[in-house]
Structures are given as C-alpha cells and as structure tokens.
Amino acid sequence: MEIKKTHNIGTLGPAMKGQKVVVGGWVEDLRELGKLSFITLRDVTGVSQIVVAGSENLSQVKDLTKQSVVLVTGAVQESKARDFSFEIKAEKIEILSRAVHPLPIDPLGRLESGIDNRLNARALDLRNQKTASIFKIRHHVLLCIRKMLSESGFLEVNTPKIIGSASEGGANLFSLKYFDKQAYLAQSPQLYKEQLTLGLERIFEISSFYRAEKSHTVRHLTEFTSVDIESAFMDYTDVMEILEQLVVSVFDHVEKNCTEDIKNLGIEIKKPQAPFERVTYKQAIEELGKQGLSLAFGDDLLDSHLRTLGEIHPGFYFLTDWPLKLKPFYIHEKEDDPVVSKSFDLQYGYLELSSGGRRLHDPAKIKARLEEQGLDSAQFEDHLKAFDWGMPPHSGWGLGLDRLMAVLTQIDNVREVVLYPRDPERLFP
Ligand code: ATP
Ligand code: MN
C-alpha cells in the first residue's frame, strides 16, 4: 500500500498546472455529476477538489464514506468550481482507511453537536476546522511564551509531578499508591521552582498540574496547564511587568501568525495595551463598598465580588497587595505595612488568570508563617534545607494557560481549549 504524499494540499495552487502530485487526506464531501465524481479532500494544511473519472476510479469511490482516508495520484488543473481555484484530476485513488457511517458527530459542524458529544469523539472533532484552529493557536501561544521567556533569560525546567509530601498544605491533592508508599500528584511547581532560583536564577516551566477539587465551573479542570516562572533578584512588580509583556506578546504573535485560524473562529484579536491597570485590594474593597457590597480588610473576595469588579474593570488588570493572611505561607509581607503582602492576581474581568508575588527567602520567617497557618514544618524539611544554602530573594507567578486560551479565543468554557479535558465527571476518553 502506497502511503506517502508528495505534497501537502496547502502548498498547491493554480500555478502548478500540469504537475503530477500525490496528495492524501480525508474525504469531506463527495458528489456525483454524470460520469464524474467530485471529492472535497482535506489535509491539515488545506482543502482541494478531486475530479474522478474513468470506470475503475469511479467504482473505487462509489460507496466511499465521508472522513475516509484516501491517497490520490493526479495532475493539478484549473478549476471551474466557485470554491476552488485549482483541482486535481485523479489518475489513481487508493482508499487507506474507511470511516463508519454515520459518524457520531458531524465534523463539519453543519449539524451542531453538544460539547459532551464532541469531547466523546474528540479525535474526530479535530476535523472540524474551528476546533483545529483552537489547537493551532494554542501551539502558537506555547511557541511565543517559550521564545519570549528564553529571550528574557529564563531556562525551561521540568519538576516532578509525583511528589512525596503534600506541598502547600494541600487539601486538594490527588493521592496515589506509590508501591508501598503514599504519594501525590503535584498541584503546582511552587516549592521546586523557588529552590531552583538558587542554582539557575531564572526558570520557567510549562506543565500539567492537578487539583482534586469538585468544581463544576467553566474555568476549573482537575488537570490544567500552568505556565510558571520564578526569578532571583526580582520583586513582585518586576515579575508583573514580565507577565503583562508576555500577555501582550501572545496576543500580538497570534494576531500576526494565525490569521486563517482567527478567521475560522470568527473572532477579532483584541490586543491589550501595557501597562495593565493596577488595583490594590484596598481600592477594590472601596469600589465594592460603593456598589453596596461591604467588606472588611482581610475578607476574601468571593465569586460575586469578582463579578462586580469585573464589570468595573472589564479587561486585563492586576489586583495587588492582598492581605497577608489570605495568601500562602511563602508570600512576602510589605516591609512598610506587614499585614499587606507583596502579591497580585492578574484578572481578565472576573476571571483570575494568574497569581504571583514576592516570596520569603528567610527560613526563620517561613517557619513562623507555617506555624501561623497550622502547617507542620517537619513536612517541609527538604524544602527548607535549601533556604540555608544561599537562597536569593525571588518572585514569580503561575499563569493558567487554559484560561488564557479561553480569553484569547473568546470562548467561555476551558474544556473547549483543552484536547482531552479532565473534570470531576470526565475521565474518558
Ligand atoms: P481559583 O481561585 O480560580 O480556583 P486558584 O487561586 O486556586 O484559582 P492558583 O493556585 O493561584 O489558582 O493557580 C494559578 C493559576 O492557575 C490560576 O490563576 C488559574 O489561571 C490556574 N488554575 C488554577 N486552578 C485551576 C483549575 N482547577 N483549572 C484551570 N486552571 C486553574
Ligand atoms: Mn490564585
């Protein structure tokens, strides 16, 4: 069986008239017209019309089903069809794989399928050009993040996902049997990335992390992708600037490199302007107070509060200087106002995209904070050792890639921008 193509469809054009090519792809449509058949053939790069004539070829395609895989040998010619500037006159057609009929979803999206049906048939759903475009954009987002961070002097690292102790106190850790021991799935690279600033100064990681939360929202998954950075010799305002530059670069890169996919999705890239607005927690509770939502310093902002703030600040903005007691043990206090922390969230309207801050690097302070928060410092022995080996002052953040993708593509549900999303109900496929 011949299986190799000479060309991707996207590289063909009317200028190649007369040239013999071998193309392969999926049958999107099939029409008979007298003694001819027309196949709409799509590969990942483009779409073309195949003209089939001759009894042998016609008998091959007679009962061909949609989404079957075929390899076509033929010559490029001009096309009279409205939708195509060129076509391929088939000399030989080989059917490499036959698709069932009917398919569980219509991959062309002419018949709308619910998200659950589409996720149940995700591989097929990717033949829908809208879905494919989401993941082509996601690829570009990752490319851009890697490029931007490496150019800013950050090294990409990989930290363990199987961990031996509950890192951040972690009520929401998945536990697993590790031979005869107890282990957990990492919920973030927090402790490792902090330690790594000691040896590598600036590091980043892009990876899946796990949260055992029974959240049924459009923004929570049990397995999500996080972009994390940590840098020595930087304060929280420095890493905020890196974060806003990164977001602007991503929008810019996608706008420039994904024009076809943006068109497929029917969206316009709304490139944000840096600097993003900075709103302190104290300002935020004042703003909420004026809306009749009264909060005292130290109260956490609930979903309803964030919704109201999101109406006041509909785009990207930083919520900074949270009360220290609302933040994890590793967050640094403000020197001039120690009940306030050097911390921030990056918001898009009501939606939290990232959390970050300056970290403590004095082990005595960390131990005191662990105690305050009712955590057992013995559990953090391995981590705390590193703080006696020359730990530099450092800051960092974690950015939810799936949420950023949802904002970029103007899609509400993060499940749409993740290939095989995991949530409390969904474990297959
Ligand atoms: P939330 O309050 O929205 O549940 P969080 O404050 O618990 O988020 P962090 O621990 O600050 O989350 O994680 C950093 C970022 O990772 C978040 O801002 C978010 O973008 C992303 N993230 C965290 N948990 C999830 C999740 N369950 N699903 C998808 N993304 C997540
Ligand atoms: Mn957070």
Side-chain angles (χ1 to χ4, degrees), residues 157-200 203 205 207-215 220 222-224 226 228-230 232 236 297-301 322-335 338-345 352 354-398 400 424:
V157 298
N158 307 102
T159 64
K161 304 299 159 293
I162 302 176
I163 55 174
S165 67
S167 49
E168 295 175 46
N172 52 8
L173 284 174
F174 283 110
S175 60
L176 65 116
K177 243 185 79 174
Y178 191 73
F179 307 110
D180 55 353
K181 294 194 183 77
Q182 163 86 26
Y184 306 90
L185 291 179
Q187 60 172 350
S188 98
Q190 185 61 36
L191 306 188
Y192 293 106
K193 67 175 182 171
E194 286 195 48
Q195 291 179 28
L196 291 174
T197 61
L198 184 156
L200 300 171
I203 51 102
E205 177 164 27
S207 180
S208 299
F209 289 96
Y210 303 89
R211 306 256 168 121
E213 297 168 312
K214 286 220 161 150
S215 303
H220 288 98
T222 50
E223 178 177 60
F224 69 101
S226 180
D228 279 90
I229 76 158
E230 201 67 33
Y236 73 135
F297 180 86
D299 290 348
D300 206 354
L301 301 184
W322 291 73
L324 187 67
K325 68 164 206 185
L326 292 178
K327 286 290 157 184
F329 69 85
Y330 47 79
I331 290 286
H332 205 292
E333 80 288 352
K334 279 192 108 164
E335 287 88 352
V339 295
V340 175
S341 66
K342 293 188 146 186
S343 65
F344 61 88
D345 280 3
E352 178 192 320
S354 171
S355 286
R358 170 78 175 271
R359 328 298 191 181
L360 292 171
H361 67 283
D362 173 351
K365 277 191 179 174
I366 299 177
K367 280 182 200 142
R369 287 292 304 287
L370 282 168
E371 209 159 293
E372 250 173 62
Q373 300 203 349
L375 293 165
D376 177 8
S377 52
Q379 288 266 334
F380 294 84
E381 208 181 39
D382 278 318
H383 178 57
L384 287 169
K385 274 187 215 160
F387 287 74
D388 290 329
W389 299 336
M391 183 61 75
H394 55 282
S395 299
W397 43 254

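Here, residue 1 is the first one in the sequence, and each next residue gets the next number.
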Worksheet item: Does Ser175 use its side chain to pair, donor to acceptor, with the backbone of Tyr184 at less than 3.5 Å?
Response: no
Worksheet item: What distance separates Leu200 CG from Glu230 CD, expressed to the nearest 0.5 Å?
Response: 12.5 Å
Worksheet entry | Nearest atoms (heavy-atom pairs only) where Pro189 meets Glu205 | CB-OE1, 3.4 Å
Fill in: Any residue meeting ring-ring contact (aromatic ring centres under 6.0 Å, His included) with Phe344, in chain and number order, not counting sequence neighbours
Phe318
Worksheet entry | side chain to side chain donor-acceptor pair (under 3.5 Å) involving Gln379 - partner list, sequence neighbours excluded | none
Worksheet, complete the sentence: So the side-chain hydrogen bond (donor to acceptor under 3.5 Å, both in side chains) pairs with at least one residue in residues 362-372 (sequence neighbours excluded) are Glu333-Lys365
Response to the item:
Of all heavy-atom pairs linking Leu185 and Leu173, the shortest is O-CD2, 3.3 Å
Worksheet item: Of all residues at least two apart in sequence or in a different chain, which pass the side chain to side chain donor-acceptor pair (under 3.5 Å) check with Glu381?
Response: none
Worksheet item: side chain to side chain donor-acceptor pair (under 3.5 Å) with Ser341: which residues, sequence neighbours excluded?
Response: Ser343
Discussion item. Looking at Asp382 and Lys385, is there a salt bridge between them, counting it only when a charged N and a carboxylate O are closer than 4.0 Å?
Written reply: yes
Worksheet, complete the sentence: With sequence neighbours left out, the residues meeting side chain to side chain contact (heavy atoms under 4.5 Å, CB included) with Asp299 are Tyr281, Leu295, Ala296
Worksheet item: Is the closest side-chain heavy-atom distance between His361 and Pro392 below 4.5 Å?
Response: no
Worksheet entry | Pairs involving residues 180-192, ordered by first then second residue, that meet salt bridge (Lys or Arg N to Asp or Glu O under 4.0 Å) (sequence neighbours left out) | none
Item to complete: Quick one: list whatever passes ring-ring contact (aromatic ring centres under 6.0 Å, His included) with Phe174, sequence neighbours left out.
Response: none
Worksheet item: Do Leu301 and Trp322 touch side chain to side chain, with heavy atoms closer than 4.5 Å?
Response: yes
Return all side-chain donor-acceptor pairs below 3.5 angstrom for residues 190-199, not counting sequence neighbours, or 'none' if the list is empty.
| unit_1 | atom_1 | unit_2 | atom_2 | d |
| --- | --- | --- | --- | --- |
| Gln190 | NE2 | Glu194 | OE2 | 2.8 |
| Lys193 | NZ | Asp228 | OD2 | 2.7 |
| Lys193 | NZ | Ile229 | O | 3.2 |
| Lys193 | NZ | Trp397 | O | 3.0 |
| Glu194 | OE1 | His394 | NE2 | 2.8 |
| Gln195 | NE2 | His383 | ND1 | 2.9 |
| Thr197 | OG1 | Glu194 | O | 2.7 |

Worksheet item: Are side-chain heavy atoms of Tyr210 and Gln187 found at a separation under 4.5 Å?
Response: no
Discussion item. Taking the side chain as everything from C-beta on, heavy atoms only, tell me whether Asn158 gets closer than 4.5 Å to Ser207.
Written reply: no
Worksheet item: Short question: side chain of Arg211, backbone of Asn172 - any donor-acceptor pair under 3.5 Å?
Response: no
Extract all donor-acceptor atom pairs below 3.5 Å that involve side chains of residues 323-332 and protein atoms in other chains or at least two apart in sequence.
| unit_1 | atom_1 | unit_2 | atom_2 | d |
| --- | --- | --- | --- | --- |
| Tyr330 | OH | Glu168 | OE1 | 3.2 |

